[in-house]
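One structure is given below, encoded as structure tokens.
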Amino acid sequence: MVKYNPQKIEKKWQGKWYNSNIFKAQDFSKKKKFYALVEFPYPSGDGLHVGHCRSYTALDIISRKKRMEGFNVLYPMGWDAFGLPAENYAIKMGIQPSITTKKNTANYKKQMQRLGYSFDWNREINTTDPKYYQWTQWIFLKLFEKGLAYKEKMAINWCPKDKIGLANEEVIAGKCERCGIQVQKKEKEQWLIKITKYADRLIKDLDSVDYPERVKIQQKEWIGKSEGAEIEFILNNFKKTIKVFTTRPDTIFGCTFLVLAPEHSIIEKVKNSILNWQEVEQYIIKTKDKSDLQRQENQNDKTGVELKGVKAVNPADKKEIPIFIADYIMINYGTGAIMAVPADDKRDEEFAKKFNLPIVRDYQRAGFEDFGKKTVQYKLRDWIFSRQHYWGEPIPMVFCQVCNWVPVPEKDLPVQLPKVKKYQPTDTGESPLAVMEKWVNVKCPNCGGVAQRETDTMPNWAGSNWYFLRYTDPKNSKKLSDEKKLQYWMPVDWYNGGMEHTTLHLLYSRFIFKFLYDIGAVPKSLGFEPYKKRTSHGIVLGQGGVKMSKSLGNVVNPDNVIKQYGADTLRVYEMFMGPFEQMIPWDEKGIIGARRFIEKVYTVCLKGDFSKPNSTLDIQINKTIKKVGEDIELMKFNTAISSLMILVNSFFEEKELLTKENIKSLLLILSPFAPHLAEELWERIGFKGLCSNQKWPQYNTTLIKEEKVLLIVQINGKVRDKVEIMADKNQKEVEEIILQTPKIKNLIGSISIKKIIFVPNKLINVVL
RNA sequence: GCCCGAGUGGCGGAACGGUAUACGCACAACACUUAAAAUGUUGCGAGGUUUCCUCAUGUGGGUUCGACUCCCACCUCGGGCACCA
């Protein structure tokens with residue numbers, strides 16, 4: 001027998017699959033469609049990571065099974081290739097990002113093909129391709145046209161190391177998500193997208209999709225809807241009011257003071273009446289210098305200053321109350337002002353105690369709208385869409401002194417990213433594109449006068465917002481995708497990706513899909529949600545449970561694993577190592593188990609001589625077909641493989657008695673996991689066609705039933721005996737049997753039986 | 001502080017309220033071999049008076065004939081949010 005040689009076998013079958021295009025998704029096929037999607041990677045210089053493989057292998061298994069079940073499967077792949085690393089590399093080496101991107105994507109593709117993934121490579125897309133980002137820009141124009149994109153000067157999160165503005169979602173605990181550096185505040189003109197307008201729908205429509213509950217909860221909490229009321233407080237002696245937002249308008253009789261964010265605009269307006277202006281001004285300056293994180297540091301030690309000489313009137317009891325500014329009030333939530341009810345709110349209570357303010361208990365309750373108007377507030381902010389970097393989609397806008405911001409006409413798209421010599425972002429926060437005078441200076445599309453292009457580029461989420469739509473029609477030059485093709489393929493039936501994208505990509509792309517729906521760019525019949533079902537894989541940790549990272553030198557490269565053990569082994573190992581949605585450490589030793597299993601299959605299939613056909617294994621085979629099929633649907637890959645292992649162990653014990661049909665069933669259910677091995681054995685044993693093109697086997701329900709069962713005998717809930725009896729015996733029959741066995745008879749002795757609990761074919765419990 | 005999730009052998013982990021520890025790794029003994037590797041066979045939670053019994057699924061209670069599983073309280077770890085009014 002020829003020794004198992006995965007390198008040779010895998011190369012052979014990859015050649016056959018990819019040359020004969022068997023994974024091609026057919027537009028408008030009569031078969032039922034199935035759209036499986038994994039998050040497309042950023043093609044870094046380091047190559048594919050074993051963490052990527054976990055997600056891709058899982059949906060590859062599902063896709064392969066669905067094809068065998070007769071579905072027309074779309075399982076596409078592409079490249080989310082705009083981003084900082086390529087730009088940083090360009091800065092370091094002076095090489096065009098487009099060149100490194102090309103090199104990296106070629107490497108990634110080769111690596112993916114080495115793993116035998118059944119992607120339809122005819123539909124490969126790349127977000128940096130002008131033919132692709134033309135439509136990313138087009139979506140921006142539409143957002144602008146509908147008033148959902150606007151430019152505003154605002155304090156943004158600025159990373160001093162990456163020299164880039166960040167969206168709120170990209171700031172983790174006050175630090176840059178990428179480099180971990182403390183984020184600063186910087187005033188800049190920024191493009192913003194009104195995702196807040198969709199906040200309600202982004203919450204509500206979660207009810208209609210199949211996502212893990214924790215993903216739904218996280219998204220809802222991120223959007224942070226709270227219902228309350230806005231109440232106006234009149235300033236004494238001024239013709240001015242302060243609006244506060246509260247979720248507890250019923251507690252207004254307990255309000256004994258107001259607190260404003262130090263940035264509140266009313267302060268400037270009543271400045272002249274503030275008796276302690278110097279003190280107030282100093283506090284405002286001090287607050288400005290603090291980052292959001294520093295502001296949060298002293299949660300238990302509240303600071304603030306009273307605006308002396310200015311008082312407000314509580315509209316409920318008409319009493320005069322003092323006004324404070326304090327940095328525990330945030331300007332960008334609610335109205336930037338609160339009514340403090342120290343009897344009911346812990347923070348207000350703390351503040352009141354520190355400043356000796358009255359705390360009124362036992363106050364009268366008010367109705368929800370007695371003194372104000374019902375409103376809704378969200379924590380979600382509008383999405384900062386400008387980045388001061390080179391390697392991104394140019395924002396297709398032109399600034400004209402006369403006409404203000406003018407969109408580039410659709411017919412002039414794409415606005416191509418020009419080649420530059422210097423990629424460095426600048427300390428002033430201006431994009432490297434700003435120095436490209438030839439590119440920047442254009443005629444105003446509106447009046448023909450002197451105008452300049454926007455030099456900021458889009459964030460790297462822009463391209464991934466809608467990529468799943470492009471796969472349905474990747475080469476269309478007239479539209480982002482043909483309506484009929486969208487109609488056929490969408491929605492995505494199953495989308496797997498990382499938990500880290502819950503409040504980023506997943507939320508953004510849901511929003512953009514709703515927007516495209518609203519403007520009619522996707523067919524109305526598709527509904528509001530792009531992804532029917534979302535699942536998440538657990539990340540792969542390094543040996544010993546630490547994070548895999550370059551600096552620790554514990555990153556596992558799939559190429560090395562494939563070289564040493566083979567792609568089928570890697571696939572099986574990654575699915576076997578633990579529950580799919582759970583974080584799991586890589587274990588170099590564990591791979592050996594997967595390899596032994598593969599070799600065992602190889603040996604047992606080729607050693608059978610099939611001369612003494614027997615079928616003692618039929619029951620077990622049918623049970624395994626059922627178990628593996630069900631487990632794949634539930635992403636319980638680890639137990640699916642475990643049951644395959646058990647079956648193969650049985651095959652091994654009875655290898656002289658195996659039939660060709662036995663082997664056939666095994667190969668079919670094994671093929672999604674270890675497709676190369678399955679194809680090779682399929683051919684060697686002499687079955688026709690490609691194993692990947694076969695029908696998924698049906699299990700025989702009558703064959704799943706055992707004739708004999710092992711029945712557990714308990715006394716007082718403790719296992720005392722096990723008896724093998726014919727299946728489907730009733731309680732009386734079983735009682736007769738077990739009460740006669742010497743062991744049980746002995747244990748019961750003369751004690752009287754209180755009760756007998758009987759579970760058919762499983763258990764009998766005698767209660768004494 | 002709030003919201004999720006998880007605690008089971010030496011390790012990764014299995015287990016519709018019904019045989020706890022499947023499957024795999026590691027380990028040990030044996031077989032094959034001049035030898036090693038590979039492979040195969042057997043054993044492998046702890047303890048005991050060892051055909052059998054007792055105790056073990058983070059801790060303490062509860063429900064139940066029966067609890068890793070359900071309920072209550074607590075401890076530890078991981079993730080998310082966080083002065084959000």
Side-chain angles (χ1 to χ4, degrees), chain A residues 3 172-174 212-222 224-226 228 244-249 251 259 261 292-293 295-303 326-330 332-341 344-348 350-351 377-380 499-500 502-503 538-539 544-545 572-573 576-579 581-594 596-597 599-600 603 636 638-649 652 710-722 743 754-759 761-768:
Chain A
K3 210 173 160 258
I172 309 292
E213 203 49 40
R214 59 188 170 139
V215 170
K216 290 190 183 182
I217 291 170
Q218 260 186 51
Q219 288 209 348
K220 278 181 197 163
E221 286 187 349
W222 185 261
K225 180 178 180 171
S226 44
V244 304
F245 173 74
T246 176
T247 50
R248 297 289 308 277
T251 65
V259 194
D292 277 357
L293 192 73
R295 250 171 108 156
Q296 286 162 22
E297 262 166 10
N298 311 318
Q299 285 197 16
N300 300 320
D301 186 25
K302 303 238 169 334
T303 60
D327 65 4
Y328 82 94
I329 305 304
M330 301 295 157
N332 43 17
Y333 183 76
T335 60
I338 61 146
M339 58 174 223
V341 185
D344 246 275
D345 185 285
K346 245 175 77 183
R347 293 153 306 173
D348 297 345
E350 224 175 276
F351 193 85
Q377 282 292 333
Y378 300 92
K379 287 188 206 172
L380 185 74
M499 272 310 277
E500 70 275 16
T502 300
T503 54
I539 58 168
V572 167
Y573 173 61
F576 182 63
M577 59 202 296
E581 69 290 344
Q582 192 180 299
M583 236 197 257
I584 203 101
W586 185 264
D587 181 12
E588 188 62 37
K589 280 183 177 156
I591 309 168
I592 292 168
R596 281 186 194 145
F597 165 65
E599 291 222 39
K600 220 170 196 177
T603 311
K636 288 168 77 175
N638 54 334
T639 50
I641 291 169
S642 148
S643 60
L644 283 166
M645 285 172 168
I646 294 167
L647 182 67
V648 171
N649 288 343
F652 211 80
L710 195 67
L711 193 97
I712 307 305
V713 185
Q714 294 184 335
I715 292 178
N716 287 341
K718 287 200 172 167
V719 182
R720 291 301 174 200
D721 206 1
K722 296 160 199 180
K743 195 171 168 188
K754 248 195 211 160
K755 176 156 125 180
I756 292 180
I757 284 132
F758 179 69
V759 185
N761 292 334
K762 259 212 175 128
L763 164 143
I764 185 154
N765 184 14
V766 183
V767 185
L768 300 177

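A, B, ... follow the sequence lines: proteins, then strands. Residue 1 opens every chain. Note that the structure is a prediction, hence the values are computed from the model and not measured.
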Checklist outcome for this item: dist A:Asn765:CG -> A:Ile756:CD1 (nearest 0.5 Å) comes out at 9.0 Å
Item to check | For B:rC74, the Watson-Crick or wobble partner whose two distances fall under 3.5 Å | outcome: B:rG58
Dump every N/O contact between nucleotides 68-71 of chain B and the protein below 3.5 Å, one line per pair.
none

Item to check | Strand-adjacent residues in residues 581-589 of chain A, judged by heavy atoms under 4.0 Å from RNA chain B | outcome: A:Gln582, A:Met583, A:Ile584, A:Lys589
Item to check | Same-atom distance (P) from B:rG12 to B:rA35, integer angstrom | outcome: 37 Å
Checklist entry - Got a donor-acceptor contact below 3.5 angstrom from the A:Tyr573 side chain to the A:Asp587 backbone? => result yes
Item to check | Gap in Å between the two P atoms, one belonging to B:rG45 and one to B:rG9, rounded | outcome: 13 Å
Item to check | Side-chain heavy atoms of A:Thr251 within contact of A:Met339, under 4.5 Å | outcome: yes
Checklist entry - Looking only at side-chain N and O atoms, does A:Asn649 come under 4.0 Å of OP1 or OP2 in B:rC23? => result no
Checklist entry - Using atom C1' of each nucleotide, how far apart are B:rC25 and B:rG18 to the nearest Å? => result 30 Å
Checklist entry - Expressed as a whole number of Å, how far does the C1' atom of B:rA14 sit from that of B:rU63? => result 26 Å
Item to check | Side-chain touch A:Ile712/A:Lys762, heavy atoms, less than 4.5 angstrom | outcome: no
Item to check | Counter-base of B:rG40, judged by Watson-Crick or G-U geometry with both distances under 3.5 Å | outcome: B:rC30
Checklist entry - Whole Å only: how far is the CG atom of A:Asn765 from the C1' atom of B:rG17? => result 13 Å
Item to check | Side chain to side chain, A:Leu763 and A:Gln714, heavy atoms closer than 4.5 Å | outcome: yes
Checklist outcome for this item: Comparing nearest nucleotides in RNA chain B, the 5'-proximal residue of the pair A:Met645, A:Glu221 is A:Glu221
Checklist entry - In terms of side-chain heavy atoms of A:Lys722, which of B:rG12, B:rC3, B:rU19 is nearest? => result B:rU19
Next on the checklist: Please compare A:Asp345 and A:Leu710 by the position of their nearest nucleotide in RNA chain B and report the one closer to 5'.
Outcome noted: A:Leu710
Checklist entry - Taking the inter-plane angle between the rings of A:Phe245 and A:Tyr333 on a 0 to 90° scale, is it parallel (under 30°), tilted (30 to 60°) or perpendicular (over 60°)? => result perpendicular
Next on the checklist: By the 4.0 Å heavy-atom rule, please label A:Ser226 as base, sugar-phosphate, or nothing.
Outcome noted: sugar-phosphate
Item to check | Between B:rA15 and B:rG24 - P atom distance, rounded Å | outcome: 16 Å
Checklist entry - Below 4.0 angstrom from OP1 or OP2 of B:rA15, is there any side-chain N or O of A:Lys636? => result yes
Item to check | Verdict with supporting geometry, A:Val767 and A:Asn716, side chain to side chain contact (heavy atoms under 4.5 Å, CB included) | outcome: CA-CA 5 Å; A:Val767 185; A:Asn716 287 341; 3.8 Å; yes
Next on the checklist: At under 4.0 Å between heavy atoms, how does the protein contact nucleotides 40-52 of chain B? Give one character per nucleotide, 5' to 3', with B, S or -.
Outcome noted: S------------
Checklist entry - Within the side chain of A:Gln218, is there an N or O that forms a donor-acceptor pair under 3.5 Å with the backbone of A:Thr503? => result no
Checklist entry - When the distance from CH2 of A:Trp222 to P of B:rC81 is rounded to whole Å, what number comes out? => result 6 Å
Checklist entry - Would you find a donor on one side and an acceptor on the other, under 3.5 Å apart, between the side chain of A:Asp345 and the backbone of A:Ala340? => result no
Checklist entry - CD of A:Glu213 versus C1' of B:rC3: gap in Å, rounded? => result 12 Å
Checklist entry - If you look at every strand shown and take non-hydrogen atoms under 4.0 Å, does A:Asn638 touch a base, only sugar-phosphate, or nothing? => result sugar-phosphate
Next on the checklist: Measuring from the side chain of A:Lys762 (C-beta onward, heavy atoms only), which nucleotide among B:rC83, B:rC65, B:rG18 has the closest atom?
Outcome noted: B:rG18
Item to check | Base-pairing assignment for B:rG1 (Watson-Crick or G-U wobble, both under 3.5 Å) | outcome: B:rC81
Checklist entry - Could you state the CD-C1' distance from A:Gln218 to B:rC2, rounded to the nearest angstrom? => result 14 Å
Item to check | Value rounded to 0.5 Å, distance of NZ in A:Lys600 from CG in A:Leu644 | outcome: 13.0 Å
Next on the checklist: Heavy atoms only, 4.0 Å cut-off, all strands: where does A:Leu763 land among base, sugar-phosphate and nothing?
Outcome noted: base
Checklist entry - Roughly how far apart are A:Ile764 CD1 and A:Arg720 CZ, rounded to 0.5 Å? => result 15.5 Å
Checklist entry - Going from CZ on A:Phe597 to CG on A:Asn649, what distance comes out if it is rounded to the nearest 0.5 angstrom? => result 8.5 Å
Next on the checklist: Rounded to whole Å, how long is the line connecting atom CZ of A:Phe597 with atom P of B:rU39?
Outcome noted: 15 Å
Item to check | Chi-based syn or anti call at B:rU39, which uses purine or pyrimidine torsion atoms and a 90° bound | outcome: anti
Checklist outcome for this item: CD1 (A:Ile338) and CZ (A:Arg248) are apart, to the nearest 0.5 Å, by 13.5 Å
Checklist entry - Nearest-Å distance, CG (A:Asp327) to C1' (B:rA85)? => result 15 Å
Item to check | Spacing of A:Met645 atom CE and A:Phe576 atom CZ [to the nearest 0.5 Å] | outcome: 4.0 Å
Next on the checklist: I want to verify the glycosidic state of B:rG24; is it syn or anti under the 90° rule?
Outcome noted: anti
Item to check | Spacing of A:Leu647 atom CG relative to B:rG24 atom P, expressed in whole Å | outcome: 12 Å
Item to check | From B:rA85, B:rC23, B:rC83, nucleotide with atom closest to A:Thr246 side chain | outcome: B:rA85
Next on the checklist: Using atom P in both nucleotides, what's the gap between B:rA82 and B:rG17 to the nearest angstrom?
Outcome noted: 36 Å
Checklist entry - With respect to the phosphate group of B:rG13, does any side-chain polar atom (N or O) of A:Ser642 fall under 4.0 Å of OP1 or OP2? => result no
Next on the checklist: Tell me whether the side-chain N/O atoms of A:Lys718 come closer than 4.0 Å to OP1 or OP2 in B:rC55.
Outcome noted: yes
Checklist entry - Roughly, in whole Å, what's the span from CD1 in A:Ile646 to C1' in B:rC23? => result 6 Å
Checklist entry - Looking at A:Val572 and A:Ala594, what are the two nearest heavy atoms and their distance? => result CG1-CB, 4.0 Å
Checklist entry - With rounding to whole Å, what would you report as the distance between B:rA28 and B:rG10 at their C1' atoms? => result 13 Å
Next on the checklist: For the P atoms, the ones on B:rU59 and on B:rG7, what distance do you get once it is rounded to whole angstrom?
Outcome noted: 13 Å
Item to check | Base paired to B:rG10 (Watson-Crick or G-U; both N/O distances under 3.5 angstrom) | outcome: B:rC25
